[in-house]
Amino acid sequence: MSLTFYQYPKCGTCRNAKKWLETNEIEFESIHLVENPPSKEELKELYVKSGLELKKFFNTSGQKYRELGLKDKLKDMNEDEQLRLLATDGMLVKRPILTDGKRVTVGFKEAEYEQIWK
């Protein structure tokens, strides 16, 4: 199972997820979410495979999210506009994102990782 781990190294949640993966000896390819943000197409694929609502892919606690006033603006944007916006800045994307090409998790909850990735 080849995993892709989209993360921001300075993010505490990402560090916790990475530590969990390493502790459980799970190999993964790490992608720096800010230096190499996923394209609109990649984000759409992750979103569709995740089964989550698109809002879950936004880093709602991030400074950039607040600066842009996205809490109020997202509801007036269609899916394509939201995906395009997410692809413009890795700091807008909730992290970490972990995928094996079939399954996708967003954020880090140890119980969820235990169930899906172990």
Side-chain angles (χ1 to χ4, degrees):
M1 173 169 63
S2 175
L3 295 179
T4 303
F5 182 63
Y6 293 91
Q7 54 107 17
Y8 178 56
K10 293 180 182 176
C11 167
T13 305
C14 294
R15 288 195 302 267
N16 291 338
K18 184 178 180 187
K19 183 178 177 187
W20 185 91
L21 290 167
E22 290 168 345
T23 300
N24 288 280
E25 299 178 358
I26 297 171
E27 290 185 24
F28 59 91
E29 176 194 355
S30 181
I31 296 178
H32 194 299
L33 196 54
V34 178
E35 292 175 358
N36 301 301
S39 68
K40 181 183 143 214
E41 292 73 24
E42 290 169 314
L43 285 163
K44 180 164 185 159
E45 189 177 326
L46 291 166
Y47 152 63
V48 169
K49 289 179 178 175
S50 75
L52 299 169
E53 56 184 309
L54 187 52
K55 184 178 186 244
K56 298 284 186 192
F57 279 79
F58 280 88
N59 180 13
T60 56
S61 60
Q63 186 176 352
K64 194 78 166 189
Y65 183 88
R66 290 191 302 268
E67 279 174 15
L68 294 173
L70 293 179
K71 181 181 179 195
D72 300 319
K73 292 179 182 173
L74 281 182
K75 59 183 167 262
D76 297 325
M77 297 171 76
N78 65 35
E79 179 182 292
D80 191 64
E81 291 168 328
Q82 290 183 36
L83 287 165
R84 198 172 318 123
L85 178 62
L86 273 174
T88 64
D89 190 336
M91 293 303 277
L92 288 173
V93 181
K94 173 120 175 132
R95 54 195 179 253
I97 297 174
L98 188 61
T99 183
D100 63 1
K102 296 182 188 81
R103 300 169 294 176
V104 176
T105 53
V106 179
F108 173 64
K109 293 184 183 86
E110 191 168 337
E112 182 180 44
Y113 269 45
E114 287 280 340
Q115 182 185 359
I116 296 173
W117 304 117
K118 201 160 182 188

**Message:** Do Tyr8 and Arg95 have side chains that approach each other closer than 4.5 Å (heavy atoms only, starting at C-beta)?
**Reply:** yes
**Asked** Sequence neighbours excluded, which residues qualify as ring-ring contact (aromatic ring centres under 6.0 Å, His included) partners of Phe5?
**Response** Phe28
**Request:** Side-chain contact test, heavy atoms from C-beta onward, threshold under 4.5 Å: evaluate it for Tyr6 versus Pro38 and give yes or no.
**Result:** yes
**Asked** Just wondering, are more than 12 heavy atoms of other shown residues or ligands nearer than 6.0 Å to CD in Gln63?
**Response** no
**Prompt:** Of all heavy-atom pairs between Lys75 and Asp72, which one has the smallest distance, and what is that distance?
**Reply:** CG-O, 3.5 Å
**Message:** Would you say that Ser2 contacts Glu29 through its side chain, given a criterion of any heavy-atom pair below 4.5 Å between the two side chains?
**Reply:** no
**Message:** If the condition is salt bridge (charged side-chain N to carboxylate O under 4.0 Å, His left out), which residues does Lys44 pass it with, not counting sequence neighbours?
**Reply:** Glu79
**Message:** Distance check, rounded to the nearest 0.5 Å: Leu98 atom CG versus Ser50 atom OG?
**Reply:** 12.5 Å
**Message:** Donor-acceptor pair, distance only, cut-off 3.5 Å: does the side chain of Glu35 make one with the backbone of His32?
**Reply:** no
**Request:** Evaluate the side-chain proximity of Leu52 to Val106: yes if any heavy-atom separation is below 4.5 Å, no if none is.
**Result:** yes
**Request:** Look at the side chain of Arg103 and the backbone N and O of Ile116, then say whether any donor-acceptor pair between them is shorter than 3.5 Å.
**Result:** yes
**Request:** Could you check Thr99 against Leu3 for side-chain contact (heavy atoms from CB on, under 4.5 Å), going step by step and ending with a plain yes or no?
**Result:** CA-CA 6 Å; Thr99 183; Leu3 295 179; over 6 Å; no
**Asked** Going hydrophobic residue to hydrophobic residue with side-chain gaps under 4.5 angstrom, can you get from Leu21 over to Ile97?
**Response** no
**Request:** Could you tell me whether the side chain of Tyr65 reaches within less than 4.5 Å of the side chain of Leu70, counting heavy atoms only?
**Result:** yes
**Where Arg66 and Ser61 come nearest, the two heavy atoms and their spacing** = NH1-O, 2.7 Å
**Prompt:** Taking only residues two or more places apart in sequence, or in another chain, which ones meet Thr105 in a side chain to side chain donor-acceptor pair (under 3.5 Å)?
**Reply:** Trp117
**Fill in**
residues 14-26 vs side-chain hydrogen bond (donor to acceptor under 3.5 Å, both in side chains), sequence neighbours excluded, gives Trp20-Glu114, Asn24-Lys118
**Prompt:** Would Ile31 end up clustered with Tyr113 when hydrophobic side chains under 4.5 Å apart are linked, directly or stepwise?
**Reply:** no
Return a table of donor-acceptor pairs under 3.5 angstrom between the side chains of residues 81-93 and protein atoms on other chains or two or more places apart.
| from | atom 1 | to | atom 2 | distance (Å) |
| --- | --- | --- | --- | --- |
| Glu81 | OE1 | Asn78 | N | 2.8 |
| Gln82 | NE2 | Leu74 | O | 3.2 |
| Gln82 | NE2 | Met77 | O | 3.1 |
| Arg84 | NH2 | Asp80 | OD2 | 2.4 |
| Thr88 | OG1 | Leu85 | O | 2.6 |
| Asp89 | OD1 | Met91 | N | 2.8 |
| Asp89 | OD2 | Lys64 | NZ | 3.3 |

**Item:** For the student: nearest non-hydrogen atoms of Gln7 and Pro96, plus distance
**Value:** CB-CB, 4.4 Å
**Asked** Which residue pairs pass the salt bridge (charged side-chain N to carboxylate O under 4.0 Å, His left out) test when at least one of the two sits in residues 47-63, sequence neighbours left out?
**Response** Glu45-Lys49
**Item:** Nearest-0.5 Å distance, SG of residue Cys11 to CG of residue Leu33
**Value:** 9.5 Å
